[in-house]
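Everything below concerns the one structure shown next.
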Amino acid sequence: MPAVLRVALPVPLPTLFDYLPASAGRADVGSRVLVPFGKGKAVGVVVEADVESAVGNARLKRVLKVLDDGPLLDAELMATLARAADYWLGAPGEAYANALPLALREDRPLPDLREEAWALTAAGQSALDAGSRRGGSRALLEALARGPVTAALLHELLPGWRDAARRLDEAGLIERTEISGAAPAPTSTPPELMPEQRQAVDTIAESLGQFQSFLLDGVTGSGKTEVYLALIEQVVAQGKQALLLVPEIGLAPQTVRRVRDRLGVAVEVLHSNLAEGDRARAWLRARSGEAKVILGTRSAVFTPLPHAGLIVVDEEHDGAYKQQEGFRYHARDLALLRARALDVPVVLGSATPSLESLANVQAGRYHALHLRARPGAIRAPQVRIVDMRAQRLEHGLSPALLAAVADTVARGEQALVFRNRRGYAPVLLCHACGWHAECPRCEHPMTLHAGRRQLICHHCDYTARLPAQCPACAAPDLKPQGQGTERLEEALAAQFPDVPVLRIDRETTRRRDAFEQLLESLHEDRPAILVGTQMLAKGHDLPNLTLVAIVGVDEGLHSVDFRASERLSQLVVQVAGRAGRARKPGRVLLQTHHPDHPLLRQLLAQGYAAAAATLLEERRSVQLPPYGHQVLLRAEAHQREHVDAFLADAAGALAGAPLQLAGPMPAPMPLRAGRHRGQLLIEAETRSALHTALRPWYRMLSTLPTARRVRWSLDVDPIDLY
Ligand code: ADP
Ligand code: ZN
Ligand code: ZN
């Protein structure tokens with residue numbers, strides 16, 4: 001019987017597919033193939049070659065075309081992806097699809113790695129030496145002084161460079177060429193490391209060349225990034241590659257610049273906002289070993305690293321590392337799998353480590369390194385609670401808070417008012433009859449966006465015009481309840497007419513680069529007030545920011561989600577860390593109706609580590625993660641009965657297994673975008689008990705007749721239960 005190829009196809013099914021080899025061309029494990037699938041064709045990845053098929057060969061179809069001469073995904077990635085699909089109970093085909101940039105999931109030739117670049121001509125070199133040009137032309141000549149630079153990099157280094165390029169090209173001073181990747185010369189020199197930084201670097205460096213997990217626990221501004229850079233320098237000097245993951249690139253342009261300025265090697269940046277061709281090129285340059293440093297968001301964890309030396313996960317506690325649809329992997333945990341497979345150290349950095357990572361330190365699996373000093377800063381900011389009870393509030397802002405903002409701006413400094421809710425008000429209410437605006441598809445209050453004169457559902461994006469009067473009783477006075485960033489912006493602008501008030505949230509930063517441009521419009525030496533959501537919790541140094549006022553954290557104290565208190569603590573500490581990053585001391589105000597809440601008290605009196613230790617003990621006592629393990633089965637359908645029937649079958653199939661089941665039950669949001677939602681939470685004390693029972697169950701679920709009438713998904717180690 002001739003051997004067959006086992007292929008992973010990008011479909012949400014727990015299976016691989018067998019095909020007869022193509023009539024021409026040999027397909028290796030890790031190569032892409034074009035195969036007939038259903039009524040059309042699909043591009044898949046060969047997972048096994050030369051296997052015997054369980055199905056009779058007569059019924060098998062033949063591979064149409066082999067797309068790669070050799071494996072596109074190397075043995076390590078193939079093995080790690082197989083383990084990942086097994087761990088996250090994901091469709092193997094979706095795991096492989098996640099690993100490939102979109103442009104490589106199609107039947108097209110690999111993109112050309114060469115791209116547009118510009119170089120000095122001999123005349124250009126003379127002009128540069130003679131110093132005969134000024135302004136933008138001079139800057140461009142200087143940028144090209146050490147060799148050709150790609151257009152992409154010029155966009156970054158010299159926005160608006162095209163005009164100068166046209167002039168210099170016409171004058172014969174520069175010429176267009178094509179190169180593959182570019183390594184600009186380093187322009188910054190490393191600072192002398194502080195003793196704690198030095199020790200962290202030395203300890204981690206001892207592990208280069210072998211697997212070891214480190215938790216780099218250092219307050220904001222303590223110099224974690226300098227530790228990464230020092231290590232990456234060593235790795236690159238050994239001719240190896242480093243992967244640096246960050247939660248959101250839009251918030252990290254300063255980090256990108258710092259890495260480029262420091263290292264003088266080819267740095268590829270990988271994130272979802274890149275054009276598909278650029279993303280594929282960056283991925284392929286990593287695969288060829290040409291890219292020495294890869295800096296990227298979640299999906300960059302799948303970058304090939306043939307000469308791997310180090311993996312760093314910055315802000316490891318950040319929820320953005322968890323993919324919330326399709327293949328629901330966690331990039332931090334996948335980074336650990338990869339580091340182990342590649343036999344390199346992995347460094348998880350955070351000012352507010354996740355309880356999972358702290359538990360791993362306790363269990364001796366991670367080596368913890370601490371940075372307690374803040375180089376350059378005078379001292380850690382002082383944090384004070386503002387008791388809101390029995391206060392006259394001005395659009396939700398207490399007199400104490402307004403007074404603090406007033407004297408901050410009076411001193412010429414900047415204040416940040418943090419509120420994690422965008423829009424004008426979360427509820428629009430009729431005082432005459434009690435009607436409130438509700439999303440018809442979610443049965444949840446809609447948020448009032450006053451500037452756009454719209455009501456928007458933050459759960460499904462359903463949008464409605466702002467009614468002029470109450471739709472129920474025709475009363476004219478509809479009242480916004482509560483405050484979002486838009487309302488705070490308005491209130492602060494009214495209170496402080498002479499100071500610029502800048503709102504930073506998803507609405508004001510929709511355009512690419514808008515976030516950075518907004519922040520750059522702030523003059524370092526001028527007073528200003530920033531209002532914003534958690535986008536402001538990270539990124540961009542604001543040296544003149546000396547007051548951080550946190551409003552509206554109380555929701556986090558009463559949430560049903562057991563992770564809410566961990567998230568609240570992280571957010572408060574991260575936002576507070578924005579104050580006083582430079583020479584000036586900072587202040588933090590936390591406005592709450594619950595000044596005596598034990599979590600807030602401990603957080604402020606003893607800091608994050610102590611609060612996290614308490615939270616961990618609570619988790620341990622009730623066997624919640626990281627001490628117990630969870631898998632969540634979600635299902636949704638237009639008809640509730642379909643959800644109920646599927647979940648009942650799914651739960652029934654687990655009868656007798658050594659697991660705890662919660663549900664089937666309605667999801668915390670039982671209706672969203674017109675679909676009824678339900679869930680089944682499965683818990684066990686050990687991971688192996690969970691996986692042993694759930695592996696065959698997962699494969700069985702898609703064969704259930706009731707599964708056809710619902711959308712369902714499995715979430716291993718869910719980070720929220722919605
Ligand atoms: P983190 O990543 O922990 O927030 P950074 O590495 O960004 O901290 O450092 C915070 C600030 O302190 C930066 O401006 C950085 O340049 C500076 N810095 C870090 N380490 C040192 C050092 N050893 N000496 C002087 N300045 C430092
Ligand atoms: Zn009414
Ligand atoms: Zn909705």
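Heavy-atom basis, side chains included; hydrogens, waters and symmetry copies ignored. For clarity, every value in this text was computed on a predicted model and none was experimentally measured. The first residue of the sequence shown is numbered 1, and numbering continues consecutively from there. In listed order, ligands and their atoms are each counted from 1.
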**Message:** Below a 4.0 angstrom heavy-atom separation, can you tell me which part of S222, side chain or backbone, both or neither, approaches ligand 1?
**Reply:** both

**Request:** Kindly assign one of parallel, tilted or perpendicular to the pair H459 and H444, based on the angle between their ring planes and the thresholds 30° and 60°.
**Result:** perpendicular

**Prompt:** Would L371 and M194 satisfy side chain to side chain contact (heavy atoms under 4.5 Å, CB included), going step by step from the backbone distance to the final call?
**Reply:** CA-CA 9 Å; L371 303 181; M194 312 263 289; over 6 Å; no

**Asked** Where do Y228 and G349 come nearest, in terms of heavy atoms and distance?
**Response** OH-CA, 3.4 Å

**Prompt:** Should you measure from each heavy atom of M194, which atoms of ligand 1 turn up under 4.0 Å away?
**Reply:** 23 (N)

**Message:** So for atom CZ, which belongs to R411, do other residues, nucleotides or ligands contribute more than 12 heavy atoms lying within a distance under 6.0 Å?
**Reply:** yes

Enumerate donor-acceptor pairs with a distance under 3.5 Å from any side-chain N or O in residues 353-360 to protein atoms, sequence neighbours excluded.
from: S354; atom 1: OG; to: E316; atom 2: OE1; distance (Å): 3.2
from: S354; atom 1: OG; to: E316; atom 2: OE2; distance (Å): 3.3
from: S354; atom 1: OG; to: R332; atom 2: NH1; distance (Å): 3.2
from: S354; atom 1: OG; to: S357; atom 2: N; distance (Å): 3.1
from: S354; atom 1: OG; to: S357; atom 2: OG; distance (Å): 3.1
from: E356; atom 1: OE2; to: R563; atom 2: NH1; distance (Å): 2.9
from: S357; atom 1: OG; to: E316; atom 2: OE1; distance (Å): 2.8
from: S357; atom 1: OG; to: E316; atom 2: OE2; distance (Å): 3.4
from: N360; atom 1: OD1; to: R365; atom 2: NE; distance (Å): 2.6
from: N360; atom 1: OD1; to: R365; atom 2: NH2; distance (Å): 2.9
from: N360; atom 1: ND2; to: E356; atom 2: O; distance (Å): 3.3
from: N360; atom 1: ND2; to: Y366; atom 2: OH; distance (Å): 3.1

**Complete:** With sequence neighbours left out, the residues meeting ring-ring contact (aromatic ring centres under 6.0 Å, His included) with H449 are H458

**Residue-atom pairs from the protein, N, O or S only, that lie under 2.8 Å from the Zn ion (ligand 3)** = C439 SG, C442 SG, C457 SG, C460 SG

**Ligand-side contact atoms (ligand 1) for residue partner L193, heavy atom cut-off under 4.0 Å** = 23 (N)

**Request:** Provide the protein N, O or S atoms situated under 2.8 Å from the Zn ion (ligand 2); waters are not included.
**Result:** C430 SG, C433 SG, C470 SG, C473 SG

**Message:** As a quick check of understanding, evaluate side chain to side chain contact (heavy atoms under 4.5 Å, CB included) for S222 and V219, giving each step before the final call.
**Reply:** CA-CA 5 Å; S222 61; V219 298; 3.7 Å; yes

**Request:** Salt-bridge test for E226 and R262: reply yes if a basic N is under 4.0 Å from a carboxylate O, no otherwise.
**Result:** yes

**Prompt:** Which ligand 1 atoms, with their elements, are less than 4.0 angstrom from a heavy-atom of G223?
**Reply:** 1 (P), 3 (O), 5 (P), 6 (O), 8 (O), 9 (O), 19 (C)

**Asked** Is ligand 1 under 4.0 Å from a heavy atom in the side chain of E192, in the backbone, in both, or in neither?
**Response** backbone

**Request:** Evaluate side chain to side chain contact (heavy atoms under 4.5 Å, CB included) for I550 paired with L589, printing each intermediate quantity in order.
**Result:** CA-CA 6 Å; I550 304 175; L589 297 183; over 6 Å; no

**Request:** For ligand 1, find out whether one of its N or O atoms is nearer than 3.5 Å to an N or O atom of G218.
**Result:** no

**Request:** Locate the shortest heavy-atom distance separating A474 from Q469; write the atom from each residue and the value.
**Result:** CB-NE2, 3.6 Å

**Request:** Indicate, as side chain, backbone, both or neither, the part of R258 found under 4.0 angstrom from ligand 1 when only non-hydrogen atoms are considered.
**Result:** side chain

**Request:** May I ask whether G221 places a heavy atom under 4.0 Å from ligand 1?
**Result:** yes

**Request:** Could you tell me whether R567 and D720 make a salt bridge, using a distance below 4.0 angstrom between a side-chain N and a carboxylate O?
**Result:** no

**Message:** If you define the side chain from C-beta out and look only at heavy atoms, does anything of C470 sit under 4.5 Å from L478?
**Reply:** yes

**Prompt:** So with a 6.0 Å cut-off around CD of Q234, is the heavy-atom count from everything else above 12?
**Reply:** yes

